[in-house]
Structures are given as C-alpha cells and as structure tokens.
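These notes concern the structure reproduced below.
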Amino acid sequence: MMANGIIVIKIGSSSLTDSAGHLNVPQLKNHVQAIVALLKQKYKVVLVTSGAVAAGFPILGYKQKPQSISQKQAAAAVGQSLLMQSYMEAFRKHHYVAAQLLLTRADFTDSTRFSNMSRTIVELLNRGAIPIVNENDSISIDELTFGDNDRLSALVSGIVHADMLCLFTDVNGVYDQNPFKNKDAKKYHYLANIPETLLKEIDSTTSSVGTGGMKSKLLAAKTAIDFGTNVFIGSGCGNAKFTDVLHGKGDGTYLGPFSNKTMSNVKQWIVYHSKPIGSIHIDEGASMALLQKRKSLLPAGVIQAEGPFTAGDIINVFANSKLIGKGKVNFSKNELDLIKGLSSVEAMQVTNRSKKAVIHRNFWVAIEQERLI
C-alpha cells in the first residue's frame with residue numbers, strides 16, 4: 001500500500017467512445033471493473049472523467065461531434081447526466097456508491113470554495129464512495145477548448161495528496177516525437193521530471209473526440225509532480241490495467257521522483273490559484289531566510305511595499321527585482337510602510353498587534369522547487 005493509498009484516474013473521451021464518437025457504455029463498464037479491482041485492494045479512487053459532450057451530442061440530433069462552443073455546451077448539458085447515470089449504475093452493480101462533482105476554475109480560485117471542495121472529496125473517500133469529477137462543460141469554455149480535464153485531474157490529485165495520478169489515454173506513453181506521424185518515435189518508459197525541451201518538441205495533436213493532447217498531459221503531470229504526486233501516462237485493457245500501473249507494469253510512461261514530499265493544500269492554493277493583490281521588495285538577508293533557511297519574512301527585511309493590499313491578501317515577493325515567490329501577508333500596505341526595516345519588537349509596538357512575521361513560512365511558496373515541503 002502506498003503512503004495514502006489514494007489514486008486519481010483521469011479517463012479521456014477517446015477511451016470512452018466508439019468509432020462514431022458515441023459514449024461506449026461497455027468500455028465504461030470495463031473501466032469501472034478495473035477501478036473496482038483497486039477498491040477491493042483497499043485503495044481509494046477519485047475518477048476524473050471526460051465524455052459528457054460525446055454522450056450528449058447524438059441525443060440532440062448532431063450527426064458528429066459539434067464544433068461551436070454553444071453546441072458543445074448544449075451537448076454537455078444533456079450528456080453529463082447520461083454519463084453519470086452510466087457510471088452510477090456500473091458501480092452500483094459492484095455495491096459501490098459514486099458521487100458527482102462538477103467543477104470550474106472559480107471553485108479553485110476562491111479560497112472558501114477550494115476548502116469546501118477539498119473537505120467534500122476527502123469525506124466521500126472516507127465513506128468509501130468514488131468521487132467522479134468533471135469540468136462543468138455546460139458553462140466552461142476553457143474545458144471544451146483546451147482539454148482542462150488533464151489539468152483538472154492534476155489539481156484534484158494535489159487536493160487529496162494522491163500517491164499516483166493515472167492519465168489514461170489512447171496513446172501508450174510519452175514519445176520524443178508524435179508516434180502517429182513518425183514511426184521512429186522513441187518511447188520514454190520513465191522520466192524523473194519533464195524537461196522544457198520535451199514540451200517544445202511534442203506536438204499537441206488531439207484525437208477526433210478528445211480535447212487534450214500529449215502536451216496537455218505533460219503540463220498536467222508537471223503540476224502533479226510539483227504537488228508531490230507521481231504520474232502515469234498510458235493505456236491498457238482488461239480488469240487489471242490500473243492495478244498493473246501501481247505494480248510498475250503499466251503500458252505507458254511513469255513520471256516523477258517517487259518521493260514522499262507533498263505540498264500542503266494551503267500552499268497549493270497560494271501558488272496555483274490565488275491572485276496576488278500587490279507586492280513587496282525584500283533585502284538579500286530576508287531572501288536567504290525565505291529560500292534557504294525556510295524561515296518567515298520579518299519586517300526588518302522589507303524594503304518597499306506596492307499595491308493596495310490588506311492583511312490576509314496574497315502578494316508577490318521580489319528580491320533584487322526578481323520574483324522569488326508569493327505568500328499571505330499579515331499586514332496592510334499602509335502598515336508595512338510604517339514598519340518596514342524595523343525589528344519585530346518595534347513593529348509590534350507601532351502596529352499594536354502580536355503578529356511578528358510579515359509572511360509566515362507556512363503561508364509562503366517559492367517559485368523554485370524549494371516550495372516542496
């Protein structure tokens with residue numbers, strides 16, 4: 001059993017549809033059986049699924065997958081209920097309960113909704129249910145255009161501190177070139193990290209039914225790895241396909257350092273979802289304290305404050321005019337103008353508050369890999 005025993009599985013449209021682009025219910029049931037095999041081994045599974053548009057467009061009379069945003073959203077509005085009904089019935093036959101969560105970017109950028117979402121998913125897992133997550137396709141443009149279910153699955157893997165993110169697709173791994181166009185393309189069986197050169201080389205070609213290509217999956221994998229989740233990108237068949245992945249026998253590419261380092265949910269929200277209100281500039285000593293000594297930022301190290309931020313806002317932090325990270329500030333811009341450069345004792349006397357740190361280390365995230373704790 002892995003550290004947390006939590007697996008996030010993302011299944012794309014290409015793995016859920018037939019040759020005509022319609023929802024392939026027998027294939028869906030096969031995915032469910034493979035997930036049940038994990039559940040019986042005491043793993044907890046979160047399923048991120050595409051397929052709402054594919055399930056809905058035939059019902060609305062479209063001869064093929066619609067192209068316009070409004071048509072796709074209409075198809076998703078019809079297809080999401082059909083997709084979920086198929087999943088719930090399939091899991092019910094194995095005596096498991098499935099739960100639906102439709103998410104948008106706003107659910108991540110709002111800190112309260114982010115916390116509520118996290119608690120809901122964890123509670124479902126603790127109750128033995130299978131959270132089934134999808135982008136809210138009927139109102140979200142980004143998902144239908146950029147294949148955000150790849151990124152969504154990475155963000156969800158961070159929330160639940162998953163041991164593994166399985167990006168299940170119709171391509172059996174990551175290649176140095178597009179394998180559909182180049183027969184000499186070389187497959188990577190393992191990548192500790194994702195080089196920028198690889199992202200530039202890979203063609204983000206999409207399938208006829210899916211919205212995301214391999215580049216989308218690699219970017220999602222990069223995010224998941226930052227969170228401390230290891231990743232598998234590949235394909236498979238049969239009831240043991242997901243179990244094989246966990247046993248190192250998956251038909252695809254494994255990515256990540258396979259360490260036990262994770263990023264707290266608070267830091268995940270700060271670095272990936274928050275919108276900085278202002279910024280501060282700090283001296284070299286304060287920069288060293290934050291980046292190397294993993295200490296909090298104190299008033300003595302602040303040189304300048306910019307922007308109309310208040311206590312509790314997220315701000316960018318610069319050192320030598322270079323952005324080094326961001327964090328949750330404990331003082332307003334006006335207060336910092338008064339206490340910058342002062343000792344903590346002097347700052348407390350000026351503000352008449354007990355706060356010593358401008359940014360506490362638990363609410364600070366560096367741009368570099370130091371942010372993994």
Side-chain angles (χ1 to χ4, degrees), residues 108-112 114-115 118 154-155 158-159 161 193-194 196 222-229 257 259-373:
F108 289 88
T109 56
D110 183 276
S111 60
T112 301
F114 180 86
S115 297
S118 173
L155 299 179
I159 288 174
H161 302 284
N193 52 54
I194 303 169
E196 289 296 327
K222 192 171 185 179
T223 298
I225 291 170
D226 273 355
F227 291 153
T229 296
S259 66
N260 293 321
K261 295 181 179 180
T262 61
M263 185 188 293
S264 71
N265 284 15
V266 170
K267 292 195 174 187
Q268 288 180 40
W269 182 80
I270 290 174
V271 71
Y272 279 99
H273 310 298
S274 66
K275 295 181 179 179
I277 303 299
S279 61
I280 58 175
H281 295 259
I282 63 175
D283 61 26
E284 187 175 343
S287 176
M288 184 178 296
L290 285 172
L291 297 178
Q292 298 181 23
K293 298 181 180 179
R294 301 184 184 278
K295 292 186 177 181
S296 301
L297 174 63
L298 301 177
V302 177
I303 299 173
Q304 182 182 354
E306 300 172 342
F309 57 83
T310 60
D313 285 338
I314 303 300
I315 59 171
N316 286 322
V317 179
F318 292 84
N320 294 321
S321 300
K322 178 184 177 182
L323 178 65
I324 63 170
K326 57 182 179 177
K328 182 179 179 181
V329 67
N330 287 323
F331 300 98
S332 68
K333 194 267 184 186
N334 292 338
E335 287 175 319
L336 275 183
D337 284 339
L338 295 174
I339 65 175
K340 62 185 180 183
L342 300 181
S343 68
S344 297
V345 173
E346 292 172 324
M348 291 169 63
Q349 291 174 345
V350 171
T351 61
N352 196 29
R353 293 169 58 191
S354 60
K355 293 284 186 181
K356 293 183 179 180
V358 175
I359 298 177
H360 191 277
R361 63 179 181 273
N362 291 344
F363 297 91
W364 154 260
V365 185
I367 296 298
E368 297 83 11
Q369 287 298 315
E370 284 91 338
R371 66 174 177 258
L372 277 180
I373 59 172

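What you see is a predicted model, and the numbers here were worked out from it, not measured in a lab. The analysis underlying the following values was restricted to heavy atoms, covering all of them including side chains, and did not include hydrogens, waters or symmetry mates.
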Quick one: closest heavy-atom pair of Ile282 and Ile324, and the distance?
CD1-CD1, 3.9 Å
Any sub-3.5 Å donor-acceptor pair from Asp283's side-chain atoms to Gly285's backbone N or O?
yes
For residues Val317 and Leu323, report the shortest heavy-atom separation together with the two atoms involved.
O-CD1, 3.5 Å
Intermediate values then yes/no, side chain to side chain donor-acceptor pair (under 3.5 Å), Thr310 and Asp313
CA-CA 6 Å; Thr310 60; Asp313 285 338; 3.2 Å; yes
Any side-chain heavy atom of Lys275 within less than 4.5 Å of one from Lys326?
no
Would you indicate whether the side-chain heavy atoms of Asn265 and His161 approach each other to under 4.5 Å?
yes
Can you measure from CD1 (Ile280) to CD (Gln304) and round to the nearest 0.5 angstrom?
10.5 Å
When every non-hydrogen atom of Phe331 is compared with those of Ala357, the smallest separation belongs to CE1-O, 3.5 Å
Shortest non-hydrogen contact between Gly325 and Ile367, atoms and distance
N-CG1, 3.5 Å
To the nearest 0.5 angstrom, please state how far the CG atom of Asn330 sits from the OG atom of Ser354.
9.5 Å
Rounded to the nearest 0.5 Å, how far does OG1 of Thr229 lie from CG of Leu155?
10.5 Å
Trp269 side chain vs Phe108 backbone, donor-acceptor pair below 3.5 Å:
yes
Rounded distance [0.5 Å steps], CE in Met348 versus CD1 in Ile339:
10.5 Å
Between the side chain of Ser118 and the main-chain N/O of Phe114, is any donor-acceptor distance below 3.5 Å?
no
Taking the side chain as C-beta and beyond, is there a heavy-atom pair between Ile270 and Ile314 under 4.5 Å?
yes
Do the non-hydrogen side-chain atoms of Val266 and Lys328 ever get within less than 4.5 Å of each other?
no
Closest non-hydrogen atom pair, Ser296 against His360:
OG-CA, 3.5 Å
Between the CD atom in Gln292 and the CZ atom in Arg294, the distance rounded to the nearest 0.5 Å is 10.5 Å
Is any side-chain heavy atom of Met263 less than 4.5 Å from a side-chain heavy atom of Val271?
yes
In Å, rounded to the nearest 0.5 Å, how long is the span from CG of Leu342 to OG1 of Thr351?
10.0 Å
Quick one: does any side-chain atom of Gln268 pair with a main-chain N or O of Gly158 as donor and acceptor, under 3.5 Å?
yes
Hey, does Ile225 have a side-chain heavy atom less than 4.5 Å from the side chain of Asn193?
no
Working note: Leu297 + Trp364, criterion side chain to side chain contact (heavy atoms under 4.5 Å, CB included); need CA distance, chi angles, decisive distance, verdict.
CA-CA 9 Å; Leu297 174 63; Trp364 154 260; over 6 Å; no
Taking every heavy atom of Ile359 against every heavy atom of Val329, the minimum-distance pair comes out as CG1-CA, 4.1 Å
State, yes or no, whether a side-chain contact exists between Val358 and Leu336 at a heavy-atom distance under 4.5 Å.
yes
Would you indicate whether Lys340, at its atom NZ, is surrounded by more than 12 heavy atoms from other residues, nucleotides or ligands within a distance under 6.0 Å?
yes
Below 4.5 Å, heavy atoms only, C-beta onward: do Ile159 and Phe227 meet side chain to side chain?
no
Test Lys333 against Asp337 for salt bridge (Lys or Arg N to Asp or Glu O under 4.0 Å), laying out the working first.
CA-CA 6 Å; Lys333 194 267 184 186; Asp337 284 339; 2.8 Å; yes
